[in-house]
Protein chains: 2
Amino acid sequence: MPKQVDVDEQKRVLFDAVWRLVAREGLEGVSLRTVAAEAGVSMGRVQHYFASKDDLLIYSLQRAYDRMETRILDRLKGREEDEQAALLAILDELLGENAETRDAIRVNVAFAARGQSDPRIMAVVTEGDREIHELAVAVIAAAHAGEAGVDADLEARLLMALASGLGIGVALYGASSVLARQTLDRHLQRVLPGVRI
Amino acid sequence: MPKQVDVDEQKRVLFDAVWRLVAREGLEGVSLRTVAAEAGVSMGRVQHYFASKDDLLIYSLQRAYDRMETRILDRLKGREEDEQAALLAILDELLGENAETRDAIRVNVAFAARGQSDPRIMAVVTEGDREIHELAVAVIAAAHAGEAGVDADLEARLLMALASGLGIGVALYGASSVLARQTLDRHLQRVLPGVRI
DNA sequence: CCTTTTACAATGCGATCGCATTACAACGCG
DNA sequence: CGCGTTGTAATGCGATCGCATTGTAAAAGG
């Protein structure tokens, strides 16, 4: 066997370049040449690790979700079993309070737009939704145990739509993340009474 | 004076082509050549009416908002003075229940993404926000007149973020518009009691 | 040692991009 | 009737695109 390199590490370097380009200029700023330049490598290297531009984009999208998951788990540090804490960590991620999270939202939306005409992208983009929804249902149902008239499924959809709407407002339309936080907290007071003040 | 044509009509033909292209393939599907082909005219004609591609895009974005406004006013037919009805019509527009509205949302988001690096686009995209927000504040405040503890400003932001989050879910992530409607109605029951059932 | 396989780098190709240029057709005005 | 302005088409240019091709350096296995 010939020269050995860390393939995952090489791919990660290229993904980092894609990430920076998408966050800075949107998906239209990504070309094999710009990715190579941003990563400081030759274009041949990019082609060596990704057979096509689509492969590079799909890989980058999957890594973007990995990165989101990592940030959420970082926030959870040691409370992975606490469903309520997990939901709040996910909401934090959706809200776009720090620059990296806002980048993630922009990357996400850019891919979702392209996903309209590319089923492979759409599949990745909607992959984790069911899991998160079920978590939200569980937490909301637990908070309203014994109460009648609370549709946890509906409330979960409402909460997630609100959070992503707020996050997109922040990341794409320049809204204030402080106001977004206040707005989400107002709703959380209603639907999860007694949580986080 | 030489040959006279209806300039606005000619521009509208080109805008319609841009609209269809963006809705179908996203902003990256728009080029001077594809617009000309979609409109069934020569490329020279496109260049004659728009000095640059950016001009074409800015114009198209503004017309896209005109179209949204027209749809909202259509829904209002004769109840233009009813602030509550106006707000509900705007929410309907944001929710993406019919195909043209979903197109509008996709067009919007595509432009917003590009607006990150183009202040002219961002200005157009955020233009009408203040007006709509103030309308929502007025309606919510009126519905809770005399009550204490209701922050109409906050509730207005919450409502609009929820509606746009739901609409983006429908238009970009393939969510069900029926569920989106139910979800919005659930929230409206809370914040505007006694409205629409 | 030497072959084989991997890891690149460099370059070329055809297509497409935005835009400039050029040519011409059509029509109102002196 | 020219004449000039405007509307429209056609074409060219330089840049950039994704991708294919080619060449080569390096290291593990026979």
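Letters A, B, ... are given to chains in the order of the sequence lines, protein chains preceding strands, and every chain is numbered from 1.
For A/R63 and A/W19, the positive end is not near the middle of the six-membered ring at less than 6.0 Å and at most 45° from its axis.
Within the nucleic acid shown, B/Q47 comes within 4.0 Å of at least one base atom, counting heavy atoms only. Residue A/V30 is in sugar-phosphate contact alone, with no base atom involved, counting any heavy-atom pair closer than 4.0 Å across all strands shown.
If you check C/dC19, D/dC17, D/dG18 against the side chain of A/M43, the one that comes closest is D/dG18. Which of C/dA7, D/dT8, D/dC17 sits closest to the side chain of B/H48 comes down to D/dT8. Of all nucleotides listed (C/dC8, D/dG18, D/dA20), C/dC8 comes nearest to the side chain of A/Y49. Comparing atom distances between the B/S31 side chain and each of D/dG7, C/dG18, C/dG12 picks out C/dG18 as nearest. The side chain of B/R45 has D/dA9 as its nearest neighbour among C/dA9, C/dA7, D/dA9. When distances are taken from the side chain of A/L32 to each of C/dA9, D/dG7, D/dC19, the shortest belongs to D/dC19. When distances run from any side-chain atom of B/K53 to the nucleotides C/dG18, D/dT8, C/dC13, the shortest one goes to C/dG18.
Between the CD atom of B/E28 and the C1' atom of D/dT16 there is a distance of 16 Å, given to the nearest Å. The interatomic distance linking A/D54 (CG) with D/dC19 (C1') rounds to 12 Å, in whole Å. D/dC17 atom P lies 14 Å from atom CG of A/L27, rounded to whole Å. When rounded to the nearest whole Å, the span between CG of B/L14 and C1' of D/dT8 equals 12 Å. Atom CD in B/Q10 sits roughly 16 Å away from atom P in C/dA26 (whole-Å rounding). When rounded to the nearest whole Å, the span between CZ of B/F50 and P of C/dG18 equals 14 Å.
A 4.5 Å side-chain heavy-atom check between B/T183 and A/E155 finds every atom pair outside the cut-off.
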> Can B/R75 and B/E93 be said to form a salt bridge (charged side-chain N to carboxylate O under 4.0 Å, His left out), step by step?
Replying inline: CA-CA 9 Å; B/R75 281 192 245 263; B/E93 177 68 15; 2.6 Å; yes
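The pair B/D16-B/R12 counts as a salt bridge, with a side-chain nitrogen and a carboxylate oxygen less than 4.0 angstrom apart.
In this structure, the separation between CG on B/L95 and CD1 on B/I90 is 13.0 Å, given to the nearest 0.5 Å.
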